[in-house]
Trainee: 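Handing you this structure, nothing more for now.
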Amino acid sequence: MAKVLCVLYDDPADGHPAAYARDDLPEIDHYPGGQTTPTPEAIDFTPGHLLGSVSGELGLRGFLEKAGHTLVVTSDKDGDGSVFDRELVDAHVVISQPFWPAYLTPERIAAAKNLKLAITAGIGSDHVDLDAAIAHGVTVAEVTYSNSISVAEHVVMMTLSLVRNYLPSHRVVLDGGWNIADCVSRSYDLEGMHVGTVAAGRIGLAVLRRLAPFDVKLHYTDRHRLAEDIERELGLVWHESTADMVPHCDVVTINAPLHPETEGLFGDELLATMKRGAYLINTARAKIADRDAIDRALRSGRLAGYAGDVWYPQPAPADHPWRTMPHHGMTPHISGSSLSAQARYAAGTREILESWFAGRPIRDEYLIADGGALAGTGAHSYSVTK
């Protein structure tokens with residue numbers, strides 16, 4: 001029997017909801033491109049309910065305990081003596097979310113002698129040291145595509161919020177004011193702007209498709225160029241590198257995984273090549289952008305706005321400069337954790353566990369590392385450094 005250690009974010013301040021704003025979710029059985037949504041043998045939760053916090057348990061307890069496994073759920077993941085560190089020592093499976101990552105460092109992986117499987121309930125497995133996981137034969141999997149559209153919608157929302165100066169204008173209403181000139185002095189139309197995405201995978205391409213109806217001029221850069229018919233359909237301009245693309249763009253959205261080639265990419269040097277007054281949206285990973293360089297770019301006016309929901313570390317400390325820098329639209333890491341997305345990534349987590357316990361192959365789309373090497377989606381998206 002296996003011990004499954006699940007690290008989830010805290011419950012709402014007032015406890016788990018007694019009721020929800022909506023009674024149901026739209027039924028979605030496949031993603032763009034044809035990949036099916038998760039297909040577990042069964043689920044023990046209500047879609048649309050809060051599953052990603054501690055009391056939600058991703059709907060896994062009944063399934064695991066009925067099969068004789070042990071489930072430990074905690075939000076305590078950082079600092080000396082954390083529950084995560086204490087329980088990790090003899091855990092066989094670790095489940096974590098990008099929104100509340102349990103960082104599986106080389107030291108933690110080395111200490112976890114029984115660890116065989118690390119699952120990301122969502123997408124993005126950079127909180128797992130892939131080199132160490134590969135060296136120790138740990139399978140790494142994530143629920144690919146489960147919240148890609150959720151994140152793409154968040155990107156569009158943040159783009160419009162920044163360009164139209166929505167958040168400060170809403171604050172005027174909350175404060176009892178009617179200061180129209182103040183509201184519109186930083187408000188522009190998105191129409192006609194040049195918008196570029198760093199990476200055009202599942203999320204980046206979904207962003208491009210959703211922004212196309214705004215009559216913007218679309219650009220992208222990616223290590224894998226899109227098919228010619230997609231470029232024609234959306235009127236895309238391809239650039240060989242991020243450095244080549246960003247000087248042309250009024251809005252840049254980052255949709256790339258974090259790996260050695262992207263870490264620190266948006267630093268002072270690259271930001272200096274962007275249009276004065278450009279907007280930068282980052283729902284990918286915080287370390288792709290240099291923390292202090294972003295703060296400087298906003299204060300100098302090089303950037304007109306920065307928005308995203310990814311921080312480092314997570315949760316961000318109270319004194320993190322992105323909390324107080326001007327003209328930002330930051331949120332906690334929520335873009336991929338809507339209640340709609342939670343139903344999919346909880347079901348996908350169960351599907352992965354069902355396959356693993358039964359000795360069946362895990363879906364290739366879900367695999368990041370397996371058999372001592374990058375595998376599946378991981379081989380397409382990540383690189384190892386050793």
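It should be emphasised that the depicted structure is a prediction, and the values quoted were computed from it without experimental measurement. The analysis underlying the following values was restricted to heavy atoms, covering all of them including side chains, and did not include hydrogens, waters or symmetry mates.
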Trainee: Could you walk me through whether Ser150 and His154 pass the side chain to side chain contact (heavy atoms under 4.5 Å, CB included) check?
Mentor: CA-CA 6 Å; Ser150 313; His154 205 83; over 6 Å; no

Trainee: Considering non-hydrogen atoms only, spot the tightest contact between His30 and Thr37 and give its length.
Mentor: N-CG2, 3.7 Å

Trainee: So Tyr103 and Tyr312, would you call those rings parallel, tilted or perpendicular, with 30° and 60° as cut-offs?
Mentor: perpendicular

Trainee: Indicate yes or no for a side-chain donor-acceptor contact from Asn147 to the backbone of Gly336 under 3.5 Å, with no hydrogens or angles considered.
Mentor: yes

Trainee: How far apart are the C-alpha atoms of Thr159 and Phe214, what are their side-chain angles, what is the distance that settles it, and do they pass the side chain to side chain contact (heavy atoms under 4.5 Å, CB included) test?
Mentor: CA-CA 12 Å; Thr159 299; Phe214 286 90; over 6 Å; no

Trainee: For the residue pair Ala316 and Trp311, what are the closest heavy atoms and their distance?
Mentor: CB-CE3, 3.4 Å

Trainee: Which distance, rounded to the nearest 0.5 Å, do you find between the OG1 of Thr283 and the CZ of Arg285?
Mentor: 9.0 Å

Trainee: Which of these, Thr120, Val7, Leu104, sits in a side-chain contact (heavy atoms from CB on, under 4.5 Å) with His127?
Mentor: Thr120

Trainee: In terms of side-chain geometry, is the basic nitrogen of Arg108 or Asp129 positioned less than 4.0 Å from the acidic oxygen of its partner?
Mentor: no

Trainee: Has the side chain of His170 got a donor or acceptor atom that lies under 3.5 Å from a matching backbone atom of Tyr166?
Mentor: no

Trainee: What do you reckon, are the aromatic ring centroids of Phe357 and His69 less than 6.0 Å apart?
Mentor: yes

Trainee: Side chains of Arg363 and Thr36 only: does a donor on one sit below 3.5 Å from an acceptor on the other?
Mentor: yes

Trainee: State plainly whether the residues Lys77 and Asp85 are in salt-bridge range, i.e. N to O under 4.0 Å.
Mentor: no

Trainee: Can you see which heavy atom on Ile294 is nearest to which on Leu303, and at what distance?
Mentor: CD1-CD1, 4.3 Å

Trainee: Tell me, yes or no, whether the heavy-atom count around Glu269 atom CD, taken from other residues, nucleotides or ligands under 6.0 Å, exceeds 12.
Mentor: no

Trainee: To check you understand the geometry: which heavy-atom pair defines the closest contact between Gly308 and Met158, and what is its length?
Mentor: O-CE, 3.3 Å

Trainee: Hey, mind stepping through Ile288 and Val198 against side chain to side chain contact (heavy atoms under 4.5 Å, CB included) and telling me if it holds?
Mentor: CA-CA 11 Å; Ile288 296 175; Val198 180; over 6 Å; no

Trainee: Would you please test Leu211 and Val156 for side chain to side chain contact (heavy atoms under 4.5 Å, CB included) and show each step?
Mentor: CA-CA 7 Å; Leu211 288 176; Val156 174; 4.1 Å; yes

Trainee: Between Thr262 and Pro257, what is the shortest heavy-atom contact and its length?
Mentor: OG1-O, 2.9 Å

Trainee: Could you tell me whether Glu142 and Arg202 make a salt bridge, using a distance below 4.0 angstrom between a side-chain N and a carboxylate O?
Mentor: no

Trainee: Which pair of heavy atoms, one from Gly48 and one from Leu25, lies closest together, and at what distance?
Mentor: N-CD1, 3.3 Å

Trainee: Please determine which of Tyr345, Tyr366, Tyr31 meets the ring-ring contact (aromatic ring centres under 6.0 Å, His included) test together with Tyr145.
Mentor: Tyr31

